*Asks:* 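Below is one structure. I have some questions about it.
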Amino acid sequence: MTNELLEKVEELCQRIDSYTEKEISVKNQVKTDTYVTRIKKLISMIENAENDPNIPKVNNEEEANRTIHILKEDKYNPYSKDFYYRERLDKLDGNIDKLIEELKAEDEVGYRNAYIIKEIERNIDIANGNIKNKVSLWEKLKSIFK
Amino acid sequence: MEEVLFEDYNIKFTEQDLKNVDKNTLKKCKKRLQDTLSKLINK
């Protein structure tokens with residue numbers, strides 16, 4: 001519904017912009033005034049909708065897709081198919097906490113995993129933060145793991 | 001229910017179209033319309 005509205009507004013504006021660009025001789029003041037009145041009314045309707053306290057702040061679908069896109073490409077992201085430690089994680093039955101513990105233990109003996117651990121935890125936080133309000137995102141993430 | 005029709009282009013907007021649309025999108029739509037309105041008024 002969100003994209004449909006944007007597309008409809010864009011279509012309308014492109015058509016009216018084309019009309020606006022025409023020579024004055026072919027334009028009609030009555031028509032112009034009508035367009036002005038109706039656009040103002042539409043803007044007013046949008047402002048009323050904006051003042052509704054129950055509307056979402058962001059486009060959930062766009063945010064979900066953006067997060068999935070980021071998640072899919074990061075090799076330090078445990079939810080990505082390109083996750084660098086995919087095999088190790090699989091051997092631990094997908095237990096990310098256990099993997100992080102192992103990496104921390106290695107770090108203590110000089111493996112320099114601190115940055116990697118931080119990135120993994122950051123990606124987990126991103127995923128958790130978005131999942132709170134977007135149940136559908138979990139469904140999409142699960143489909144990535146399959 | 002409030003609605004606005006642009007007969008020349010057969011495009012109609014109703015309150016239902018705007019329901020449950022997120023704030024960012026509404027803002028973008030408003031901005032686009034304001035740009036078009038500004039051109040229309042000033043030409």
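Keep in mind that what you see is a predicted model, and the values were worked out from it rather than measured. Per chain, numbering begins at 1; letters A, B, ... match sequence-line order.
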*Asks:* Does the distance from a Lys or Arg side-chain N to an Asp or Glu carboxylate O, for B:Glu7 and A:Arg38, drop under 4.0 Å?
*Replies:*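 A:Arg38 and B:Glu7: salt-bridged.
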*Asks:* Is the shortest side-chain heavy-atom distance between A:Lys40 and B:Gln34 below 4.5 Å?
*Replies:*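 Not touching, per the 4.5 Å side-chain cut-off.
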*Asks:* Let me confirm one number: the CG-CD1 distance from B:Leu33 to A:Ile43, rounded to the nearest 0.5 Å.
*Replies:* 5.0 Å
*Asks:* I want to check something: taking the side chain as every heavy atom from C-beta on, are A:Cys13 and B:Asp35 in contact at a cut-off of under 4.5 Å?
*Replies:* no
*Asks:* Search all heavy atoms of A:Leu42 against all heavy atoms of B:Phe6 and return the closest pair with its distance.
*Replies:* CD2-CE1, 4.3 Å
*Asks:* Name the option with the most non-hydrogen atom pairs under 4.5 Å to chain B; the candidates are A:Leu12, A:Asp33, A:Val36.
*Replies:*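 Most heavy-atom pairs within the cutoff with chain B belong to A:Leu12.
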*Asks:* Does one side chain, of B:Asp8 or A:Tyr19, offer a donor that lies under 3.5 Å from an acceptor on the other?
*Replies:*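 No, no side-chain donor-acceptor contact under 3.5 Å.
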*Asks:* Atom CG in A:Asp17, atom CG in B:Leu40: separation rounded to 0.5 Å?
*Replies:*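 Separation between the atoms: 8.5 Å.
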*Asks:* Under the salt bridge (Lys or Arg N to Asp or Glu O under 4.0 Å) criterion, do A:Glu50 and B:Lys23 qualify, and how do the steps go?
*Replies:* CA-CA 6 Å; A:Glu50 276 181 319; B:Lys23 219 163 187 146; over 6 Å; no
*Asks:* Given heavy-atom pairs under 4.5 angstrom as the criterion, report whether the side chain, backbone, both or neither of B:Lys31 touches chain A.
*Replies:* neither
*Asks:* When heavy-atom pairs shorter than 4.5 Å are enumerated against chain B, which of A:Glu47, A:Lys41, A:Arg15, A:Glu11 gives the highest number?
*Replies:*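 Winner by heavy-atom pair count: A:Arg15.
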*Asks:* Measure A:Lys8 against the heavy atoms of chain B and call it side chain, backbone, both or neither at under 4.5 Å.
*Replies:*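 For A:Lys8, the contact with chain B is made by backbone and side chain together.
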